[in-house]
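Below: the structure, in structure tokens.
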Protein chains: 2
Amino acid sequence: MSVNSTHKDALFKLQHAGISNTSRRLAVLSILLKAKKPLNVSTIRRLLEGKCNIDKVTVYRTLSLFRKRGIIREIATTSGANYFEIASQENSLHPHFSCRNCGEITCLDPLSFTHAAKLIFSKHDYSIDHIEINISGLCTCCRNSSKKSFYKQEE
Amino acid sequence: MSVNSTHKDALFKLQHAGISNTSRRLAVLSILLKAKKPLNVSTIRRLLEGKCNIDKVTVYRTLSLFRKRGIIREIATTSGANYFEIASQENSLHPHFSCRNCGEITCLDPLSFTHAAKLIFSKHDYSIDHIEINISGLCTCCRNSSKKSFYKQEE
DNA sequence: TAATTATTGCAACTCGGTTGCATTTTTGAT
DNA sequence: ATCAAAAATGCAACCGAGTTGCAATAATTA
Ligand SMILES: [Mn+2]
Ligand SMILES: [Mn+2]
Ligand SMILES: [Zn+2]
Ligand SMILES: [Zn+2]
């Protein structure tokens, strides 16, 4: 995919999500579109060096906005930093493999969820220590009471 | 389960894992054994208040040791703090639900992995935003080259 | 154009987690 | 019991991820 087509794709995505296309947002989104694997903020900033002057706060705010609008997915790790990847029909929900040694995160086949589980255990080249399934949303308690909101209110 | 039986259970677990049983380790392990859901470090420390003088560094080192010996599991979240729970045959690998509002983490049925997936989507009381499958271990690259180890060497 | 609103940068901060080092406790051999 | 070696703990200082308040700038809209 050429640089130009990535740029067009980013522009379209922003427009489609009703987000005004600023230089910073286009830059961040383009990085994620070109990425072959999930990226953390420090990596995003490194890839942005030279191309675009952008404060770290802006990167966080941009990613947060993208996530709320469903443009990107956030991936939890135990390493401290969260990772981000494009969320789209072409890049549907899939398992991730993260290496305990180098910390790199690889995307696994986006097969159907149940089908993926079987594959994870059989056909792979990784030595697996640990499998984690994290589901997030609203618990029944919090769904019923709109009052207490200790955590994240927005969305 | 009585306090005494929890204490005995903790003692047994330490002994079985070849970890010398100190007062701090027993205290931390007992907290996790009594817990009904995964706990983060700040919660563990709060539950420890009064019962046992323990530095935060010691809690982290203790949990790290437990994890390396397979006594506990570490659960990643996007919220910054990691969570910990007892890992045993009785408490086998299972999905987790984390509420976007209150941040609380609930353990879901430890059904077989593939079977669980179906249930997650159908029979539940949560409103689901996001499902995440994280698998960790060693990538092929890192398995073959024992040289470069940018991340976590130990285990 | 002028007023309004949205975006960005900067500084300062919070919080989770780590590291180095000195002190205390435990272990284990004599 | 005694003493030396090793392990566990606490303390302080630190690092990195992520957030908040606010002022400055850029983009919209009237
Ligand atoms: Mn992915
Ligand atoms: Mn659990
Ligand atoms: Zn690796
Ligand atoms: Zn909740």
Side-chain angles (χ1 to χ4, degrees), chain A residues 11 14-15 17-29 38-46 48-49 51-69 72 74-84 98 100 103 105 149-155, chain B residues 10-11 14-15 17-29 38-46 48-49 51-69 71-72 74-84 98 100 103 105 149-155:
Chain A
L11 214 79
L14 289 184
Q15 190 175 339
I19 301 172
S20 64
N21 60 88
T22 69
S23 63
R24 329 293 152 131
R25 287 171 179 171
L26 271 173
V28 171
L29 190 48
L39 306 175
N40 60 24
V41 169
S42 78
T43 304
I44 291 172
R45 294 199 70 204
R46 188 160 34 74
L48 241 31
E49 270 169 17
K51 295 185 182 177
C52 167
N53 255 18
I54 182 167
D55 190 77
K56 117 185 127 153
V57 178
T58 305
V59 175
Y60 279 111
R61 289 200 270 235
T62 300
L63 290 171
S64 178
L65 177 63
F66 288 177
R67 186 182 46 74
K68 283 175 196 158
R69 300 303 175 87
I72 62 174
E74 188 167 9
I75 296 153
T77 73
T78 53
S79 80
N82 297 332
Y83 285 70
F84 301 88
S98 82
R100 133 166 63 88
I105 297 190
S149 53
F150 319 109
Y151 199 53
K152 290 182 181 175
Q153 179 74 302
E154 26 65 72
E155 182 78 358
Chain B
L11 214 79
L14 289 183
Q15 190 175 341
I19 300 172
S20 63
N21 60 88
T22 69
S23 63
R24 330 290 153 134
R25 288 173 179 171
L26 271 173
V28 171
L29 189 48
L39 306 175
N40 60 23
V41 169
S42 78
T43 304
I44 291 172
R45 295 199 69 202
R46 188 161 33 77
L48 241 32
E49 269 169 17
K51 294 187 182 177
C52 170
N53 255 17
I54 182 168
D55 190 79
K56 118 185 127 153
V57 178
T58 305
V59 176
Y60 280 110
R61 289 200 269 237
T62 300
L63 290 171
S64 178
L65 178 64
F66 288 177
R67 186 181 46 73
K68 283 175 196 160
R69 299 304 175 87
I71 295 179
I72 63 175
E74 187 168 8
I75 296 153
T77 74
T78 53
S79 80
N82 297 331
Y83 285 71
F84 301 87
S98 81
R100 133 167 64 88
I105 297 190
S149 51
F150 320 108
Y151 201 54
K152 291 181 178 174
Q153 179 72 302
E154 27 66 71
E155 181 78 357

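Chain letters run A, B, ... following the sequence lines, proteins first, then strands; residues in each count from 1. Remember, it's a predicted structure, so these values are computed and weren't measured experimentally. These values consider heavy atoms only, across backbone and side chains, with no hydrogens, waters or symmetry-generated copies.
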Review point. Among all residues two or more places apart in sequence or in another chain, which pass the side chain to side chain donor-acceptor pair (under 3.5 Å) test with A:Asn82?
Key: A:Glu74
Revision key, fill the gap. CG (B:Asn40) and OG (B:Ser79) are apart, to the nearest 0.5 Å, by 7.5 Å
Revision key, fill the gap. Smallest heavy-atom separation, B:Leu29 atom then B:Ala10 atom, equals CD2-O, 3.5 Å
Check your understanding: How many Å lie between CZ on B:Arg25 and P on D:dA7, as a whole number?
Key -> 11 Å
Check your understanding: Tell me, do A:Tyr60 and A:Asp55 make a side-chain contact under 4.5 Å, heavy atoms counted?
Key -> no
Check your understanding: Under 4.0 Å: is that the gap between some side-chain N or O of B:Tyr60 and OP1 or OP2 of C:dG17?
Key -> yes
Point to revise | B:Leu14 CG to D:dA8 C1', straight-line distance once rounded to whole Å | key: 13 Å
Point to revise | Gap between atoms CG and P, on A:Leu65 and C:dA6 respectively (whole Å) | key: 12 Å
Practice item. Could you pull out all residues at least two apart from B:Arg45 that satisfy side-chain contact (heavy atoms from CB on, under 4.5 Å)? Key: B:Val41, B:Lys56, B:Val59
Review point. With sugar-phosphate meaning primed atoms plus P, OP1 and OP2, does B:Asn82 contact a base, only sugar-phosphate, or nothing at under 4.0 Å between heavy atoms?
Key: sugar-phosphate
Study note, to complete from the structure: To the nearest 10 degrees, the angle between the two end axes of the helix from C:dT1-D:dA30 to C:dT30-D:dA1 (five pairs per end) comes to 30°
Exercise for review: May I have the distance from A:Arg67 (atom CZ) to D:dT19 (atom C1'), rounded to whole angstrom?
Suggested key: 13 Å
Point to revise | Criterion side-chain contact (heavy atoms from CB on, under 4.5 Å) against B:Ile44, the qualifying member of B:Ile54, B:Thr62, B:Leu63 | key: B:Leu63
Practice item. Take atom CD of A:Glu74 and atom C1' of D:dA17, then tell me their distance rounded to the nearest Å. Key: 11 Å
Exercise for review: In whole angstrom, give the distance that lies between atom CG of A:Asn40 and atom C1' of D:dG18.
Suggested key: 13 Å
Review point. Rounded to whole angstroms, how far apart are CZ on B:Arg46 and P on C:dG16?
Key: 12 Å
Taking only nitrogen or oxygen atoms into account, show me every contact under 3.5 Å that the protein makes with nucleotides 9-12 of chain C, one pair per line with its distance.
| from | atom 1 | to | atom 2 | distance (Å) |
| --- | --- | --- | --- | --- |
| C:dG9 | OP1 | A:Arg24 | NH1 | 2.4 |
| C:dG9 | OP1 | A:Asn53 | O | 3.0 |
| C:dG9 | OP2 | A:Asp55 | N | 2.9 |
| C:dG9 | OP2 | A:Thr58 | OG1 | 2.6 |
| C:dG9 | N7 | A:Arg61 | NH2 | 3.1 |
| C:dG9 | O6 | A:Arg61 | NH2 | 2.6 |

Exercise for review: Verify side-chain contact (heavy atoms from CB on, under 4.5 Å) between B:Thr78 and A:Tyr83, making sure each step is shown before the conclusion.
Suggested key: CA-CA 9 Å; B:Thr78 53; A:Tyr83 285 70; over 6 Å; no
Study note, to complete from the structure: Readout for nucleotides 25-30 of chain D: B = base within 4.0 Å of protein heavy atom, S = sugar-phosphate only, - = neither; 5' to 3' it is ------
Review point. How close or far is atom C1' of D:dG18 from atom OH of A:Tyr83, stated in whole angstroms?
Key: 15 Å
Practice item. With rounding to the nearest 0.5 Å, note down the distance linking OG1 in B:Thr43 to CZ in B:Phe84. Key: 11.5 Å
Check your understanding: With side chains defined as the heavy atoms from C-beta onward, is the minimum distance between A:Arg61 and A:Ser64 less than 4.5 Å?
Key -> no
Point to revise | B:Thr77 side-chain N/O to B:Ala81 backbone N/O, donor-acceptor pair under 3.5 Å | key: yes
Under 3.5 Å, which donor-acceptor pairs do the side chains of residues 19-28 of chain A form with other protein atoms, sequence neighbours left out?
| from | atom 1 | to | atom 2 | distance (Å) |
| --- | --- | --- | --- | --- |
| A:Ser20 | OG | A:Arg25 | NH1 | 3.2 |
| A:Thr22 | OG1 | A:Arg25 | N | 3.3 |
| A:Arg24 | NH1 | A:Asn53 | O | 2.6 |
| A:Arg25 | NH1 | A:Ser20 | O | 3.2 |

